[in-house]
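Data first, discussion second: the structure below is written as structure tokens.
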Number of protein chains: 2
Amino acid sequence: MSQAAQNYDVFQAIADPTRREVLRLLSQKEMPISKITAHFPMTRTAIAKHLHVLSEAKLVYGRKEGREKIYQLNPEPLEEVQHWLSYYEKFWNNKLSMLKYLVEKEEKKE
Amino acid sequence: MSQAAQNYDVFQAIADPTRREVLRLLSQKEMPISKITAHFPMTRTAIAKHLHVLSEAKLVYGRKEGREKIYQLNPEPLEEVQHWLSYYEKFWNNKLSMLKYLVEKEEKKE
DNA sequence: AAAATATAACACCTTTTGGTTTCACTTATA
DNA sequence: TATAAGTGAAACCAAAAGGTGTTATATTTT
């Protein structure tokens, strides 16, 4: 994390369980940092840093409202993960596909 | 990484670009460590550690064959990532679904 | 049996992560 | 206009991540 933290990618952003939990929270309702922090056993500063990482990955956006900063989810970058995954889906799907194919071929013998 | 590295989860395992590249390589063909290392600008020891992380996450299996250790891909754990993602798909899919719905409704007016 | 090959296991180093505490700044409110 | 509330930012810290090089061990090959 540290200070000059630049170009975090989405894979790194979702690697941390706390950050995944933050995303889940924000998926239900936008909220300010202090509200988010209340759900975790750590300081507001720590959460602020996690939000910074998520923000770098464009997974959250924050707008200032009065003295609060409201964060909201932006799920779009997750499409990159989905796309990456789609390449591997065929590997585990193939097992089912192959099984299905074999079963159907067997059935046609009747 | 270090020495006693235990319980790496799949999210952490795929967070590293090198490890993702290793997975891609193994998706095409199983191979021993030295063969994998040839594709990267780092030492075999470093790759061995990455393989250890991937192995902890059950994303690769290694079998010994003579003096070589052949590693092969095991994509199953990625299903956990897919499952996690599926919760968020609705957020970005909804936009498309909504658009599609609106367009179709518009078409039916004719 | 000796030499070569392939990997494993250590010890070590540097940078990054994930957290803390403290202080300053801005915006509401009594 | 103080004061409270909410956040931002800096300095610091321990541990983990991601590398390195060296040494040890097992398996072929000559």
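Chain identifiers are assigned alphabetically (A, B, ...) following the order of the sequence lines, protein sequences preceding nucleic acid strands; residue numbering begins at 1 within each chain.
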Exercise. Would you call the rings of B:Phe91 and B:Tyr87 parallel, tilted or perpendicular, where under 30° means parallel and over 60° means perpendicular?
Worked result: perpendicular
Seminar exercise, completed: Residues A:Leu51 and A:Leu26: closest non-hydrogen pair is CD2-CD1, 4.5 Å
Exercise. For residues 25-36 of chain A, which residues have at least one heavy atom under 4.0 Å from DNA chain C?
Worked result: none
Exercise. Whole Å only: how far is the CD1 atom of B:Ile70 from the P atom of C:dT5?
Worked result: 17 Å
Problem set entry | Protein-nucleotide distance (A:Leu54, atom CG; C:dT17, atom C1'), rounded to Å | 14 Å
Any N/O pairs under 3.5 Å between the protein and nucleotides 20-27 of chain D? List them or say none.
from, atom 1, to, atom 2, distance (Å)
D:dT20, OP2, B:Thr43, N, 2.9
D:dT20, OP2, B:Thr43, OG1, 2.4

Problem set entry | Shortest non-hydrogen contact from B:Glu30 toward B:Arg63 | OE2-NH2, 2.8 Å
Problem set entry | B:Tyr71-B:Ser55 side chain donor-acceptor pair, cut-off 3.5 Å | no
Seminar exercise, completed: Heavy-atom closest pair (A:Asp9 atom, B:Arg20 atom, distance to 0.1 Å) is OD2-NH2, 3.7 Å
Problem set entry | Check: B:Lys58 and B:Glu76 side chains under 4.5 Å, non-hydrogen atoms | no
Exercise. Who pairs with B:Phe40 by side-chain contact (heavy atoms from CB on, under 4.5 Å), at least two apart in sequence or on another chain?
Worked result: B:Thr18, B:Glu21, B:Val22, B:Leu25, B:Ile36, B:Met42, B:Ile47
For this session: Output yes when at least one side-chain N/O atom of A:Gln12 is less than 4.0 Å from OP1 or OP2 of C:dT16, else no.
Result: no
For this session: Round to the nearest Å and state the distance from A:Leu51 atom CG to C:dG19 atom C1'.
Result: 15 Å
For this session: Measure the distance from CD on B:Glu56 to P on D:dA16 and round it to the nearest whole Å.
Result: 14 Å
For this session: Send over the distance from B:Ile47 CD1 to C:dA9 C1', rounded to a whole Å.
Result: 17 Å
For this session: Look at A:His52 and D:dA9 and indicate whether a side-chain polar atom (N or O) is within less than 4.0 Å of OP1 or OP2.
Result: no
Exercise. For the pair made of CD1 in A:Ile14 and P in C:dG18, what is the distance, rounded to whole Å?
Worked result: 13 Å
Problem set entry | Separation between CD1 of B:Ile33 and CD1 of B:Ile70, rounded to the nearest 0.5 Å | 10.0 Å
Problem set entry | Nearest-Å distance for atom pair NE2/P, residues A:His50 and C:dT17 | 12 Å
Exercise. Where do B:Ala57 and B:Pro77 come nearest, in terms of heavy atoms and distance?
Worked result: O-CG, 3.4 Å
Problem set entry | Phosphate OP1/OP2 of D:dG6: any A:Lys69 side-chain N/O under 4.0 Å | no
Problem set entry | Rounded distance (Å) that lies between atom C1' of D:dT7 and atom CZ of A:Arg63 | 16 Å
